[in-house]
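Numbered from 1 within each chain, the chains take letters A, B, ... in sequence-line order.
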Amino acid sequence: MTATSTHTAPILRRRPSGPTRRAARALLPIASGQAIWWWLAPVVLSVVATGWRPAWLDEVTVSLWQFVLYAPVVASFALGVVLVAVHLPLHVANGIDRRSFTRAAAVAAAPAIMASAAVAAIGFAVERAVLVTAVADPALVERHLFTATDQYGLVVVEMLVAIVTAWTAGWLVSVGYYRFGWWRGTLLLVLVLLPTGVVQLALSTGRVLGTDLVLGASGRVAVAMAVVVLMAVVVDRATRGLELRGTSTWQVTG
Amino acid sequence: MNTPATVTVTGATRDFHGSPALRGVDLVLPPGRITGLLGRNGAGKSTLLSLLAGRRRPTSGTIRVDDGDPFTDAATIQRICLVGDGGGDSDTSRVGARIDLLTTLRPSFDPDLAHRLLADFDIAERTRIKSLSRGQRAAVAVTLGLASRCALTLFDESHLGMDAHNRYVFYDALLADYVAHPRTIVVSTHHVDELARVLEDVVVLDVGRVLLHEPRDEVVARGAVVTGPARAVSGLVAGTRTLRTRRLGNTTEAVVYGDGTADVRQRAPAAGVDVTPIGLQDLFVQLTMKEHA
């Protein structure tokens with residue numbers, strides 16, 4: 001037995017007190033970093049197009065920025081998947097309970113989601129001011145909660161709901177595959193896609209399952225939010241009972 | 001201060017697709033002890049450790065670490081650390097980044113200890129985990145496990161793949177940090193004799209059940225190798241639990257285990273036979289072979 005004495009230097013870095021805060025601190029750079037990546041390509045392309053300004057751009061009558069809005073939604077779905085598949089096992093293996101992790105992930109993703117909604121609105125504003133000069137009111141190809149690209153408040157609301165829905169759906173899909181494996185996980189996709197579709201329809205056409213909602217924008221948002229809250233409750237429940245596979249997962253302490 | 005944890009397992013079973021991995025395990029691990037968890041492949045060691053760490057839930061029965069459920073209780077989970085064998089084939093993180101992460105996540109994590117141990121293992125912190133050899137990844141894993149200073153620290157074959165030098169660095173570091181910062185430690189291993197000097201208690205699992213749970217010294221004292229003339233040996237060990245008997249010509253070697261071993265030792269000189277101690281690993285092998293026979 002060689003019991004040498006150990007001297008432990010004081011730990012100078014302040015650590016957050018609760019598990020939710022600690023996990024949120026660890027996840028914040030991941031969520032924010034991913035948000036930067038998902039906006040990088042559209043923003044760079046827009047800046048290049050603005051500077052280059054090809055002749056055909058002046059003849060464009062539809063909003064180009066509206067197509068960019070798919071990027072944060074899809075990327076948010078991917079973030080939800082990655083959080084469960086990669087970061088949940090790592091965090092639980094390192095002392096964070098599943099419930100705290102779920103809360104922390106939501107806290108960490110919130111700034112990225114809110115910033116994305118803001119960038120979406122700013123993008124429309126920039127497009128109206130700089131990019132498109134031939135038309136005063138760039139057309140929208142698809143139906144949205146907003147009917148013109150200068151309805152910035154509605155743009156922000158729609159993007160917030162759409163991104164949160166995608167994030168939640170990604171999380172649920174990932175939980176399904178992690179918990180139930182490939183085949184049963186794939187079957188469960190239907191249960192995730194259904195509410196996601198309802199939210200998308202409520203935000204866009206205003207028809208849900210063939211029925212006109214006969215609601216204004218606030219009513220349609222309320223329907224969408226109700227579905228999102230339901231999905232969030234399922235996320236919390238499903239994650240709380242999630243077992244980790246094996247004891248030797250890819251993380252070194254795991 | 002992270003006080004050592006008490007582990008209480010009551011009637012724990014765990015099935016995988018209908019196949020039982022643990023069958024009614026009852027176990028109490030007192031606080032502040034180093035326990036060796038021994039068992040053959042498939043005995044249920046990793047399953048038991050994953051239940052203690054809150055990775056999985058028992059199919060039936062209960063697991064308590066102090067008074068908390070390690071699967072659900074936030075305060076309990078942060079007091080537990082389960083260290084695997086390193087894994088990490090595809091982990092692109094740098095070793096230093098993992099230290100930063102654990103410094104954030106674990107209130108008791110000591111980054112200075114982690115830095116020192118990595119230096120002892122000769123591992124550069126800027127290296128990506130996937131670039132390390134299996135043994136080096138195991139060294140990183142035990143480093144992070146020790147530096148986590150958790151009230152309940154579980155090593156599941158963590159030092160598998162480490163070379164002999166690094167295994168001894170690990171054993172020394174384990175003891176040193178345990179003395180400085182007492183905690184409850186469970187080490188699952190197949191390097192039984194190597195680790196025996198570190199262990200205070202021994203739990204032997206066999207086909208999902210606890211075969212024995214005793215202090216190491218008592219386990220070793222209960223076993224002995226009796227060698228001598230065949231008739232003398234058979235007469236001496238009669239009535240004592242004999243795990244194995246080998247005969248070469250007129251000489252017999254018997255491995256005995258149990259309360260009668262002390263009596264065998266006492267009567268051996270008069271019977272003209274030799275009684276020698278048996279190593280923990282040999283004893284474990286004989287015990288588990290006997291149970292399967």
Peer 1: Distance from B:L102 atom CG to A:L90 atom CG, nearest 0.5 Å?
Peer 2: 7.5 Å

Peer 1: Give the intermediate values and the outcome of side-chain contact (heavy atoms from CB on, under 4.5 Å) for residues A:I96 and B:L105.
Peer 2: CA-CA 7 Å; A:I96 305 297; B:L105 293 181; 4.0 Å; yes

Peer 1: Rounded to the nearest 0.5 Å, what separation is found between the NE2 atom of A:H87 and the CG atom of B:L101?
Peer 2: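 Going from NE2 on A:H87 over to CG on B:L101, the span is 9.5 Å.
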
Peer 1: Tell me, side chain or backbone of B:A53 under 4.5 Å from chain A's heavy atoms, or both, or neither?
Peer 2: neither

Peer 1: I'd like to know whether CG of B:D69 has more than 12 heavy-atom contacts from other residues, nucleotides or ligands below 6.0 angstrom.
Peer 2: yes

Peer 1: Specify the closest pair of heavy atoms between B:G54 and A:R98, including all atoms of both residues, with the distance to one decimal.
Peer 2: O-NH2, 2.8 Å

Peer 1: To the nearest 0.5 Å, how far apart are CD in A:E243 and CZ in B:R55?
Peer 2: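 The CD atom of A:E243 sits 12.0 Å away from the CZ atom of B:R55.
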
Peer 1: So which atom in B:A74 and which in A:D97 form the shortest heavy-atom distance, rounded to 0.1 Å?
Peer 2: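 It is CB-OD1, 3.1 Å.
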
Peer 1: Compute both the distance and the angle, then confirm whether A:R240 meets the cation-pi test with B:F71: under 6.0 Å from the six-membered ring centre, within 45 degrees of the axis.
Peer 2: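 The answer is no; the distance or angle limit is not met.
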
Peer 1: Could you tell me whether A:F67 atom CZ has more than 12 heavy atoms of other residues or ligands within 6.0 Å of it?
Peer 2: yes

Peer 1: Any sub-3.5 Å donor-acceptor pair from B:Q78's side-chain atoms to A:P19's backbone N or O?
Peer 2: no

Peer 1: How far does OG1 of B:T104 sit from CZ of A:R22, to the nearest 0.5 angstrom?
Peer 2: 10.0 Å

Peer 1: First locate atom CD1 of B:I80, then atom CG of A:N94, and finally report the distance between them rounded to the nearest 0.5 Å.
Peer 2: 12.5 Å

Peer 1: CZ of A:R21: more than 12 outside heavy atoms within 6.0 angstrom?
Peer 2: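 Open.
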
